Amino acid sequence: MKLSHEEVEHIALLARLGSSEEELERFREQLSHILESFEVLQQVDTADVPPTAQSVDLQDVVRADEVSPSLPHSQIMANAPQQEAGCFRVRAVLE
Amino acid sequence: MSYETVIGLEVHAQLLTKSKMFCRCSADYASAPPNTHVCPVCLGMPGVLPTVNQQAVEYAVMTALALNCTIPESTKFDRKNYPYPDLMKGYQISQYDAPLSRDGWITIEADGARRVGITRVHLEEDTAKLLHRTADGKPYSLVDVNRAGVPLMEIVAEPDLRSPEEARQYLIKMRSILQYLGVSTGNMEEGSFRCDANISIRPQGSADYLSKVEVKNMNSFKAVHRALAYEAERQREVLEGGGRLVQETRGWVEERGVTVSQRSKEYAHDYRYFPEPDLTPLALSRAWVEELRSRLPELPDAKRERFVNDYGLPLFSATLLTGSKAAADYFEACLKDGAAEPKRVKAVFDWIFGDFSRLLNATDTEIDSSKLSPQHLVELLDLVDRGALSGPAAKAVFEEMFHTGGRAADIVARHDLAQISDALQVGEVVDQVIASNGQAVADFKAGKEPALTFLVGQVMRATKGRTNPKVANELLREKLAG
């Protein structure tokens, strides 16, 4: 399956990735190859295999409702390039 | 042409767990400084492993059972992908195609009882809080992650509602069920109980759905009612003006009383859901579900029916009373000792929805955190029943009890408010009133009965409401007849 240029642009937008025309074309080819590999997998007959959301054979991993201390505020903010009033400062969120 | 309004509501309720949905940070962030209830899991740092909070699952299943839903044998979580600064991970952990319940209903009161279908109840996580600021004319935003990861329960209803009033009734009922279950505060103003609405109109009798509009940003029951009424009317005007309705998201602007389009590329509804690989599926064993069912408390409809049967309350009063679990509990606490005589039942109800409600509203207090305990109210009612306190004096005592938490007998003694029933004492006042109200006396003697009411009022006034009106009435008749 070949992805179209528009599809790659849409995926880049959803992932908020800015890409040049040249990059979009390169990703188009690479992503198309990945999809082709999955097309090979899709040839396997899975009629008798129940669908699963998991590859590990685990179930019901839960925890009790208990509180532990959070990280110190200074560590939470340690990687933030811009801060204000104890918050992360980011570009305006357009509504 | 007449149109029918079709409304479907989506409620998001924060669950009252101690810790967050997928980590052990405290979920009680209301008064916490920004970003102090945060850990690597809430921040979506690489390599962290979220773990499901068992209590949140229990609360959601209890809610689903209370809403008459079917609980499947197993459920799983999914990632809902969208880039927005309130999502630290770039996705929200939610539930897509295997929610923890489906197909329920609740009853609302609208021209008689009516069922409204519940599509599903599922679990997800709340997002971070964004604060919008401006500096030097340039807008920017601040992010507080404390709220991110707080357990959020989404309740989706079928488009069964037909008017803004029905939508309001639905929300009131839903909130009261959550409060009865003790799973959410249901506080809409504080954002722990939120509502989005889908609304469309169609020609009466048609079964088609025209373009539906999603309305957001409604922060009170009143706002929901106003926004939906506005939107139905707006859609009707567009159609009648020959225009076409488009499917879109609109935000309610409270100050202006209008909805405005939120069309924006920021809302690319392409969530690319896929199963959350960090969380295992959950088995919902029949034994566990049945155990939770057996632990469900008495719900509003059942309590209302019992109040009608046990206390002889009119249906309307019982509905009003059981709409708030706290009020219903208070009411019952006042009646728990001894038989609930009809007179006492009515008195308790009248106090709760009269002066008590007024004072609670005025002081922004909840009934269950009032200083005036049910026991103290009962003491006051006993004084009134014994004739030790007149009606107006009881009101004054009640008000002081409300503000100070004092006991009725102490307040009565301190302010010398005890009712005057003594014939000699009342007689003196009656004589004075007769002497100084010649016209009313003449009227009464001429057969004008209302003049007596006036004279009793004068006696009450002269004694600051402390006189037993029955005694005053008898004495006046006696003296004026002679």
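In the text below, chain A, chain B and the rest are named by the order of the sequence lines, each starting its count at 1. Small disclaimer: the values here were computed from a predicted structure and weren't measured.
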Got a second to check how far [X]'s [atom1] is from [Y]'s [atom2], nearest 0.5 Å?
{"X": "B/Met45", "Y": "A/Asn79", "atom1": "CE", "atom2": "CG", "value": "5.0 Å"}
{"X": "B/Thr36", "Y": "A/His73", "atom1": "OG1", "atom2": "NE2", "value": "7.0 Å"}
{"X": "B/Met21", "Y": "A/Asp65", "atom1": "CE", "atom2": "CG", "value": "10.0 Å"}
{"X": "A/Asp60", "Y": "B/Leu284", "atom1": "CG", "atom2": "CG", "value": "8.0 Å"}
{"X": "B/Thr17", "Y": "A/Glu66", "atom1": "OG1", "atom2": "CD", "value": "12.5 Å"}
{"X": "A/Arg63", "Y": "B/Gln55", "atom1": "CZ", "atom2": "CD", "value": "10.5 Å"}

- Item | Intermediate values then yes/no, side chain to side chain contact (heavy atoms under 4.5 Å, CB included), A/Phe88 and B/Leu43 | CA-CA 11 Å; A/Phe88 297 96; B/Leu43 276 183; 4.1 Å; yes

In terms of heavy-atom contacts, A/Val90 and B/Pro85 come closest through CG2-CB, 4.4 Å

For A/Cys87 and B/Leu142 the tightest heavy-atom approach is CB-CB, 3.7 Å

Taking every non-hydrogen pair under 4.5 Å, which of [options] racks up the most with chain A?
{"options": "B/Arg272, B/Lys129, B/Lys138", "answer": "B/Arg272"}
{"options": "B/Ala283, B/Ala128, B/Cys39", "answer": "B/Ala283"}
{"options": "B/Val57, B/Asp86, B/Asn53, B/Leu282", "answer": "B/Asn53"}
{"options": "B/Val41, B/Val52, B/Thr134", "answer": "B/Val52"}

- Query: Does one side chain, of A/Gln82 or B/Tyr140, offer a donor that lies under 3.5 Å from an acceptor on the other?
  - Reply: no

For this session: Before giving the answer on side chain to side chain contact (heavy atoms under 4.5 Å, CB included), spell out for A/Val67 and B/Arg24 the whole-Å C-alpha distance, their side-chain angles and the decisive distance to 0.1 Å.
Result: CA-CA 5 Å; A/Val67 174; B/Arg24 292 187 173 211; 5.8 Å; no

